[in-house]
Amino acid sequence: MSVHQRIRRVLIVGPSIRYLGGQAVQAARLLAELRTIPSLDVEYLVVDPALPIPLNFLQRIPLVRTIVTSMAYVFTLFWRVPRYDVIHIFSASYWSFLLAPTPAILIGRLFGKHVLLNYHSGQADDHLVHWGWHAKPIMRMADTAVVPTEYLVDVFRRHGITAIAIANHIDLAAMRERVRSTIRPRFLSNRNLEALYNVGATVSAFATVQGVYPEASLVIAGDGSQRESLRAQVASLALNHVQFVGPVVPQNMAEYYDAADVYVNASLIDNMPLSILEAYASRLPVVTSDAGGIPWIASDGQTALVVPVNSSDALSAAMLNVLSHPEAARERAAAAREFVESRFVWDKVSAAWQTAYGQT
């Protein structure tokens, strides 16, 4: 670092890692990598701070939890924002955007900081259509809007908002790269158990596969509001070898990718799932829907088998295709690994973040 270059102080505002969502994982990874850059001084502020022990019982009461947590969050913003040059705000959509990014953007502007909105939600178009009266004016207050894919750049453009794409990155060293000389009917799903991720379609497609391969297995990692309904679906279909392993901390996911031979994603709405990139890094053959921005990272027949959204029949046919054409699956997996190495590692995106922070 030049002796004349001032250290840029950056405050990342984002979700707590305890929720194990893709946005939280990416925020944690970004924080760790940015701290290796000598010209940056980077700290993290969670949008859901825990109250002091004498008051934390309030966060166990519905509605009261939202009010007191929001008050603590806003107070913390007023206390910490003045110390930094750049306020980097992770953002989802709908109520989450209202409760977390909105106060950070407004307070960042109040103190004259460089405000960077880092928007990740695959629901962006619907958000901007139905909540645009609030979201668009707030988003335009940001000095820079960053999204992970050109898909979201296009969505923002259609709503009159300029954004730049800086891809999510993954840690290749944390993955276990394995060439699968034999592809067994061992399937993995690790999306949260919520309606938009459509894990029920994965279960339905697996039922078809198990009709052909009785020994087939499916590991379902993750948690959410559909947990019990998915368990009931598995029982009603009389499926064998289906394992619900619950939420898995990021540092333990590599062993699940390594143990599987096919990764399956059936999401209805999406942007750029880290799980697909991690499967690529593991040389794990991928079958996925074409929801949202997924075609930006998954090319049918090249890096994955990509099927129309919400089609269990197409999903099961692709899953069976991987098993019946293993050499083609290995070729796609090799191409997917090369794709990740070429675009989604830290060396490929670090300069773009420094530019977004106004360092170049």
Side-chain angles (χ1 to χ4, degrees), residues 1 4-15 23 26-27 29-31 33-35 37-47 73-74 76-94 96-121 124-125 127-128 131-169 271-272 293 346 348-360:
M1 182 179 68
H4 301 293
Q5 186 176 12
R6 185 172 68 89
I7 292 177
R8 198 85 160 142
R9 296 167 300 172
V10 179
L11 179 64
I12 297 179
V13 181
Q23 191 177 155
Q26 184 61 23
R29 287 179 181 168
L30 184 61
L31 176 66
E33 295 289 4
L34 289 172
R35 283 177 167 169
I37 299 175
S39 59
L40 294 176
D41 177 12
V42 189
E43 297 297 335
Y44 197 80
L45 187 157
V46 297
V47 302
Y73 167 56
V74 171
T76 306
L77 284 170
F78 273 108
W79 176 46
R80 295 188 64 183
V81 163
R83 308 176 187 181
Y84 296 87
D85 304 305
V86 179
I87 311 303
H88 176 156
I89 305 158
F90 272 74
S91 175
S93 51
Y94 306 124
S96 174
F97 180 85
L98 179 64
L99 294 173
T102 294
I105 292 171
L106 294 174
I107 294 171
R109 295 300 297 173
L110 176 67
F111 287 104
K113 305 303 180 179
H114 182 99
V115 174
L116 186 150
L117 175 67
N118 193 187
Y119 191 97
H120 287 257
S121 176
D125 191 49
H127 179 206
L128 292 171
W131 292 60
W133 59 272
H134 157 263
K136 291 180 187 180
I138 297 296
M139 288 180 178
R140 292 187 181 113
M141 290 184 183
D143 296 286
T144 308
V146 176
V147 294
T149 64
E150 293 295 339
Y151 163 72
L152 283 185
V153 169
D154 184 60
V155 170
F156 273 47
R157 183 186 300 117
R158 287 190 273 112
H159 289 277
I161 301 169
T162 300
I164 61 172
I166 302 179
N168 291 337
H169 72 279
N271 179 28
M272 191 175 78
W346 179 243
K348 305 298 182 181
V349 301
S350 60
W353 280 117
Q354 292 180 75
T355 299
Y357 290 159
Q359 283 207 307
T360 58

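A salt bridge (charged side-chain N to carboxylate O under 4.0 Å, His left out) check over residues 109-121, counting only residues at least two apart or in different chains, returns the pairs Arg109-Asp143. Annotation: salt bridge (charged side-chain N to carboxylate O under 4.0 Å, His left out) contacts involving residues 147-164, sequence neighbours excluded, comprise Asp125-Arg158, Asp154-Arg157, Asp154-Arg158.
In this structure, the side-chain contact (heavy atoms from CB on, under 4.5 Å) partners of Val47, at least two apart in sequence or on a different chain, are Val13, Tyr73, Ala100. A search for side-chain hydrogen bond (donor to acceptor under 3.5 Å, both in side chains) contacts involving Thr149 returns Asn271, not counting sequence neighbours. Residues satisfying the salt bridge (charged side-chain N to carboxylate O under 4.0 Å, His left out) test with Arg140, not counting sequence neighbours, are none. For Trp133, there are no side-chain contact (heavy atoms from CB on, under 4.5 Å) partners two or more places apart in sequence or in a different chain. With sequence neighbours left out, Ser350 forms a side-chain hydrogen bond (donor to acceptor under 3.5 Å, both in side chains) with no residue at all. With sequence neighbours excluded, the residues satisfying salt bridge (charged side-chain N to carboxylate O under 4.0 Å, His left out) with Arg9 are Asp85. Remark: Arg35 pairs with Leu31, Val42, Glu43 by the side-chain contact (heavy atoms from CB on, under 4.5 Å) rule, at least two apart or across chains. His134 meets the side-chain hydrogen bond (donor to acceptor under 3.5 Å, both in side chains) test with Thr102; sequence neighbours excluded. Remark: Tyr151 engages no residue in a ring-ring contact (aromatic ring centres under 6.0 Å, His included) (not counting sequence neighbours). The side-chain hydrogen bond (donor to acceptor under 3.5 Å, both in side chains) search around Lys348 returns none, not counting sequence neighbours.
Nearest approach of Val349 to Ala167, heavy atoms of both residues: CG1-O, 3.7 Å. Taking each heavy atom of Pro103 and Val74 in turn, the nearest pair found is CB-CG2, 4.1 Å. Shown here for Ala135 and His127, the closest heavy-atom pair between the two residues is CB-NE2, 3.7 Å. Heavy-atom minimum distance, Ile166 versus Ala356: CD1-CB, 4.2 Å. Closest of all the heavy-atom pairs between Pro15 and Phe90 is CD-CB, 4.2 Å. The shortest non-hydrogen separation linking Phe156 to Ala163 is CD2-CB, 3.9 Å.
Taking the side chain as every heavy atom from C-beta outward, Tyr119 and Val146 never approach each other to under 4.5 Å. Taking the side chain as every heavy atom from C-beta outward, His159 and Met139 never approach each other to under 4.5 Å. Using a 4.5 Å heavy-atom threshold, the side chains of Trp79 and Leu45 count as separate. Leu30 places a side-chain heavy atom less than 4.5 Å from the side chain of Trp353. The closest side-chain heavy-atom distance from Leu117 to Ile105 is below 4.5 Å. In this structure the side chain of Gln354 never reaches within 4.5 angstrom of the side chain of Arg8, judged on heavy atoms. Counting heavy atoms from C-beta on, the side chains of Pro148 and Gln26 never come closer than 4.5 Å.
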Could you please spell out the steps behind the side-chain contact (heavy atoms from CB on, under 4.5 Å) verdict for Ile107 and Phe78?
CA-CA 7 Å; Ile107 294 171; Phe78 273 108; 3.7 Å; yes
As a quick check of understanding, evaluate side-chain contact (heavy atoms from CB on, under 4.5 Å) for Ile87 and Val81, giving each step before the final call.
CA-CA 7 Å; Ile87 311 303; Val81 163; 3.9 Å; yes
When you look at Val153 and Thr162, which way does the side-chain contact (heavy atoms from CB on, under 4.5 Å) test go after all the steps?
CA-CA 7 Å; Val153 169; Thr162 300; over 6 Å; no
Decide yes or no on side-chain contact (heavy atoms from CB on, under 4.5 Å) for Phe97 and Ile89, but give the supporting numbers first.
CA-CA 10 Å; Phe97 180 85; Ile89 305 158; over 6 Å; no
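When only modelled atom types and interatomic distance are considered, Ser93 and His120 share no side-chain donor-acceptor pair under 3.5 Å.
Of the inter-residue distances, the one linking Leu77 atom CG with Leu11 atom CG reads 7.5 Å to the nearest 0.5 angstrom. Distance check: Gln23 CD to Ser91 OG gives 7.0 Å after rounding to the nearest 0.5 Å.
For His88 (side chain) and Tyr357 (main-chain N/O), no donor-acceptor pair under 3.5 Å exists by modelled atom type.
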